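Bear in mind the structure is a predicted one, so any value in this text is a computation, not a measurement. In this chain, numbering begins with 1 at the start of the sequence shown. Hydrogens, waters and symmetry mates are skipped; everything else that's a heavy atom, side chains included, is used. For ligands, and for the atoms within them, numbers begin at 1 and follow the listed sequence.
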Amino acid sequence: MSNNASLQSRRTAAIPRGVATAYPVFAARAENSELWDADGRRFIDFAGGIAVLNTGHRHPKVIAAVKAQLDAFTHTAFQIVPYEPYIELCERLNALAPFSGEAKTILFSTGAEAVENAVKIARAHTGRTNVIAFSGAFHGRTLMTSALTGKVAPYKKKFGPMPAGIWHVPFPVPQHDVSVADSLKALEYLFRADVDPVNVAAIIIEPVQGEGGFHPAPPELLQGLRKICDEHGIVLIADEVQTGFARTGKMFGIENSGVEPDLVTIAKSLAGGFPLSGVIGRAAIMDGPEPGGLGGTYAGSPIACAAALAVLEVIEEERLIARADTLGARIKGELARIARRNDTVPMEFVRGPGAMIAFDVVKEGGGSEPDADATKRVTQAALAEGLVLLSCGVHANTIRILMPLTISDDILAEGLGKLEKALVAAQG
Ligand SMILES: Cc1ncc(COP(=O)(O)O)c(C=O)c1O
């Protein structure tokens, strides 16, 4: 039995099915945009640990910073004995905040925890309870964030009742026949039919929906939401957990729209593979909760803070924001060429800002009917070619590309070659 096969049978016996794994290959080691499995097979990583590795696996600067922190101390709990790396990181993040005026930042461990706390902060600041999110959104797997998530299976199925006070409006996606006007109209209608805007604490939106299918929020939608939030005293939360840290060709995805949010949730690529998340926000809003109301034993771990400080340096030194645009343009060009072949699964709607690129697999070229089965065949064929590739989308028919922004031109070309072969193989 191969090492992968034996690990797969141990995994099945010891670990519940609730934590599903995409592939039966187990990681042994990884470097930048490559990883090797337990059987010694090499893969190119177009998943980046689900958008965590914008600076690649084990960036030498991140590893050096973590090693130095390990030699100093590993944990004291910021709430008991605080430490400089947490403060320094918050200072750096405040300076990067995608809004004008004074900012404050608080740190946690996971993306869901950041979203949970953004809701708590918005509620404490406004004294209101309701929160509006979008269909197709993904905000996490805790109960509050499952409630905010706009997809039933598998995130809400069997887990109800969901927390009260959460409402959804449709997210504009042209290929799903929902326009910005439809979304804004639905929001106005929600205010008439279901919830008084004076009782709404926050509207939360991903600048580009991640798990929901890499659908960018059009600037007109974000401008409309900003106006509505200003009119009714509602806090606008940008969930930047997947879009953050150079992926979209800006430090934060919302900067592509010119709209300023009030709170920003961050995680994933913030700390280059170490568990760290946070909320950056307008200082007056951030100081809403009482002392002791926010925090967590491991929140803002010093090891993760050291990693994040190195990540911010790497983004600047290696010009990863500009690199995201270069990589994205190259990927879009290649996808357009591949889509013109007649022997691949039908591909439509290549999209995304910077290097947050995706396309849909559809039943017929020129159409928009989703083909989830063909999408699965593509990711399986990619794995067989030695490429770790992720799908997403409410209809499970989107292929997303999340390679590290530190990937070399040669390895990107090799990965795109594998993707092309998989798209042909999946057509059969
Ligand atoms: C936009 C967004 N918000 C929140 C989360 C939840 O993050 P975590 O899985 O770290 O809890 C995710 C995870 O994919 C995400 O993409």
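Side-chain atoms of Ser391 and Arg400 form no donor-acceptor pair, as typed in the model, at a separation below 3.5 Å.
At a 3.5 angstrom cut-off on N or O pairs, Gly140 does not count as close to ligand 1. Looking at Ala112 next to ligand 1, an N or O pair under 3.5 Å apart turns up.
Distance from atom 5 (C) of ligand 1 to its nearest protein heavy atom, with residue and atom name: Val241 CG1, 3.7 Å. Nearest protein neighbour of atom 16 (O) of ligand 1, counting heavy atoms only, is Gln242 NE2, 2.9 Å. Scanning the protein heavy atoms around atom 2 (C) of ligand 1, the nearest turns out to be Phe138 O, 3.3 Å.
Salt-bridge annotation for Arg42 and Glu414: present, with a side-chain N of the basic residue lying under 4.0 Å from a carboxylate O of the acidic one. A salt bridge links Arg282 and Glu260; the closest N-O separation between the charged side-chain nitrogens and carboxylate oxygens is under 4.0 Å. Looking at Arg377 and Asp373, no side-chain N of the basic residue comes within less than 4.0 Å of a carboxylate O on the acidic one, giving no salt bridge.
Under a cut-off of 6.0 angstrom, the local environment of CZ in Arg92 is crowded, with over 12 non-hydrogen atoms contributed by other residues, nucleotides or ligands. Crowding of Phe73 atom CZ: a count of heavy atoms from other residues, nucleotides or ligands under 6.0 Å exceeding 12.
Heavy-atom proximity to Glu211, at under 4.0 Å, picks out these atoms of ligand 1: 14 (O). Below 4.0 Å from some heavy atom of Glu206 lie the following atoms of ligand 1, by number and element: 1 (C). Close approach to Lys268 involves these atoms of ligand 1, each under 4.0 Å from a residue heavy atom: 12 (C), 13 (C), 14 (O), 16 (O). Near Gly111, the atoms of ligand 1 lying under 4.0 angstrom from a non-hydrogen atom of the residue are 6 (C), 7 (O), 8 (P), 10 (O), 11 (O).
With distances taken over non-hydrogen atoms, the option nearest atom 4 (C) of ligand 1 out of His139, Glu116, Arg141, Glu113 is His139.
Contact between Leu53 and Ser269 at its shortest, heavy atoms only, is N-OG, 3.5 Å.
A centroid separation of 6.0 Å or more is found between the aromatic rings of Phe359 and Phe349.
Ligand 1 is approached by Asp239 to a heavy-atom distance shorter than 4.0 Å.
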